[in-house]
Amino acid sequence: MEWNYRSAEELVAALRVGAVTSVELTDAAIARIERDDKVINAICVPDFDRARAAARDADEARARGVDRPLLGIPVTVKESYNMAGLPTTWGMPEYRDHVPAEDAVQVSRLKAAGAVLLGKTNVPLTLRDIQSFNEIYGTTNNPWDHGRTSGGSSGGSAAALAAGFGALSIGSDLAGSLRTPAHFCGVYAHKPTLGLAPTRGMVAPPAPALPIDLDLAVVGPMARTARDLTLLLDVMAGPDPLTHGVAYDVAVPPARHERLADFRVLIIEDHPLIPTGSAVRAGVNRVAEALADEGARVERHSPLLPDPAEAASLYMLLMLSNAAAGLPVDVYEQLQTHAAALSADDRSLDAARLRGMVLSHRGWVEANNGRELHRRGWRQLFAEFDVVVCPITPTPAFPHDHNGGLEDRHIDIDGVDYPYFDQLV
């Protein structure tokens, strides 16, 4: 039987009844990687010897009556997570030999849940791209079309899932790094609420693995089915024992409804700052039509929707204020000069990014207060609607584009070029 494309949920059930062993699942996954990954390049750091040993241990544990949520399930891990004994580089050549001594907290949780870790998946340089390529490990191709990107920064994980290299993966997301690769590769990902899943050990070298959560940045599950996201999120969720672990437990509320006919759905096709391409628009509308056919209440406008343009500007301010915090002083001073020269009425996203890079603490507090007003607005909207359906990015996976700096690239939307990073909205 072909096991490599079965869901984790199905594999757990098969393992429990003895229809397959973890060794068989692991060998099948490794065989597929060795056969197909030469052209996809999703698994940048294989760890097959330890994976086979873990699979044997899982089978022996199950024979003794042990049962854990992911016992014997082959999974992959984004390169940016620390795994003891394997390099963590974030694609930076100067850290190609950086080998952490301890696992990230999420890697530890995978192991405690019984997962078999096949290896690490490819990322872009410093995780800062919508594609996944770097000088150390090369380019990850989209499994569906090798001339196109798998997305970034969790592009190796999304490609691995689409290619049948393990049933689950863990990634991270600050600016779409879970959602965009899942969209591009046709798999599933979930960006959890900030603070739900601890990030300790998902850290750029050579920084220490401190128990802190970066603003806007989270870690989260990736899978080939939505139900498998739940299975993996249950393993990942819960406070870091070094911080909030003494104070609270996770109690996720149940789904509001069981039947699609009972859901109230808001469809958002467009963004005021960047158009939605025709292919993605068609996909959103297929979802809207399917929901309506099942009896859901589907609407396309609501006065409760917080202003998307204002949200995009606030997001750019908050994100870039963090991203620029480690810049050299001379670069920071140059950026301050450029930002001071901006026109007061320049509300472009380029201007928001520049202002964010030199944001004062006073400015950050103001932007954060704006964020809280948006949160209040979304709480009010979700009292009226259960679900919001909207595009992940303006386009499907686009052809590889490694030309020039990130700020110099463009995204082609139905034949018209737009600034590359504007698609993050």
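Salt bridge absent: D234 and R109 never bring a charged side-chain N and a carboxylate O closer than 4.0 Å.
The side-chain hydrogen bond (donor to acceptor under 3.5 Å, both in side chains) with T393 is formed by just one residue from the set H183, R179, Q423; it is H183.
With 3.5 Å as the limit, one finds a donor-acceptor pair spanning the side chains of K78 and S154. In this structure, a donor-acceptor pair under 3.5 Å is absent between the side chains of S177 and K191. Side-chain N/O atoms of T140 and N41 include no donor and acceptor closer than 3.5 Å. Of the N and O atoms on the side chains of D213 and T199, at least one donor lies less than 3.5 Å from an acceptor on the other residue. In the model, S22 has no side-chain atom that pairs as donor or acceptor with a side-chain atom of D59 under 3.5 Å. No side-chain donor-acceptor contact under 3.5 Å links E366 and N368. Judged purely by distance below 3.5 Å, without hydrogens or angles, the side chains of H400 and N141 pair a donor atom with an acceptor atom.
Classification of the H257-F263 ring pair by plane angle, with boundaries at 30° and 60°, yields perpendicular. Aromatic ring pairs are classed by plane angle as parallel below 30°, tilted from 30° to 60° and perpendicular above 60°; the pair H361 and W364 is parallel.
Ring-centre distance between Y420 and H410: not below the 6.0 Å cut-off. Between F398 and F184, the ring center distance clears the sub-6.0 Å criterion.
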